Amino acid sequence: ADEAAGHDEL
Amino acid sequence: MNIFRLAGDVSHLVAIIILLLKIWRSKSCAGISGKSQVLFALVFSTRYLDLFTVFVSVYNVVMKVVFLALSYATVYLIYMRFRNSYDSENDTFRVEFLLVPVIGLSFLENYAFTPLEILWTFSIFLEAVAIMPQLFMITKTGEAESITTHYLFFLGLYRALYIANWVWRYHMEGFFDQIAVVSGVVQTIFYCDFFYLYVTRVLRGKGKMSLP
């Protein structure tokens, strides 16, 4: 999933 | 970045600063759950490890460093500087009842079975329940000083704004982070009861919020 490509939210 | 997420992050920062200033200026941490603050420091420590692996933006880096520094400073004040005012008899929530399920779930439900992803997922689930010791302490003492309620208000506001942020991102970017959203909704629900008490008691100028 694209979320695993680094999380941009704090 | 959107206005909801920015307002949410600012609200989160305000909450942390309100609490830290309250402890520092009153030289006391009475009524504050040290356990919740330790859990929040753990949330930031396990979530922000990506400071060393990915660069998202200057804002992202600065806020992560600030959240880590302020949360550790708060824990330091509670357990070291003003430890004689720490109310350990009332801060008795069994945090292992939170940690065990959260650890288990983060191994079961995650986006990738890698250390960083599992730790990130752990931090998401932990943040949802990290306020429980504080809310438990308030029910146990039957009251909360008004500044503590303002702290909880801004913490709840940050979560509510993040839900607005996710609605916005879903419609504008098609972005949907299921783990963060499900956990965030659960976390926000925990504040609803408090919000009701906050509005009906604290904002009516009662100063302290005393539970029925």
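Here the structure is a predicted model, which means the values were calculated and not measured. FYI, side chains are in, hydrogens and waters are out, and symmetry mates aren't considered; it's all heavy atoms of this structure. Chain A is the first sequence line, chain B the second, and so forth, proteins listed ahead of strands; every chain is numbered from 1.
Not a single side-chain hydrogen bond (donor to acceptor under 3.5 Å, both in side chains) links B/N110 to another residue, sequence neighbours left out.
Residues A/E9 and B/R169 form a side-chain contact, since some pair of their non-hydrogen atoms from C-beta on lies under 4.5 Å apart. Residues B/D177 and A/H7 meet the side-chain proximity criterion, which asks for heavy atoms closer than 4.5 Å. Residues B/F44 and A/L10 have side chains not in contact (no heavy-atom distance under 4.5 Å, counting atoms from C-beta outward).
Within residues 4-19 of chain B, the residues that have a heavy atom under 4.5 Å from a heavy atom of chain A are B/R5, B/D9, listed by number. Residues of residues 60-68 of chain B that come closer than 4.5 Å to chain A, counting heavy atoms only, are B/N60, B/M63, B/K64, B/F67, ordered by residue number.
Atom OH of B/Y170 has 12 or fewer neighbouring heavy atoms from other residues, nucleotides or ligands inside a 6.0 Å radius.
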Kindly list each side-chain donor-acceptor pair under 3.5 angstrom involving residues 126-135 of chain B, sequence neighbours excluded, with atom names and distances?
unit_1: B/E127; atom_1: OE1; unit_2: B/R47; atom_2: NH1; d: 3.1
unit_1: B/E127; atom_1: OE1; unit_2: B/R47; atom_2: NH2; d: 2.8
unit_1: B/E127; atom_1: OE2; unit_2: B/Y158; atom_2: OH; d: 2.5
unit_1: B/Q134; atom_1: OE1; unit_2: B/S33; atom_2: N; d: 2.8
unit_1: B/Q134; atom_1: NE2; unit_2: B/G31; atom_2: O; d: 3.1

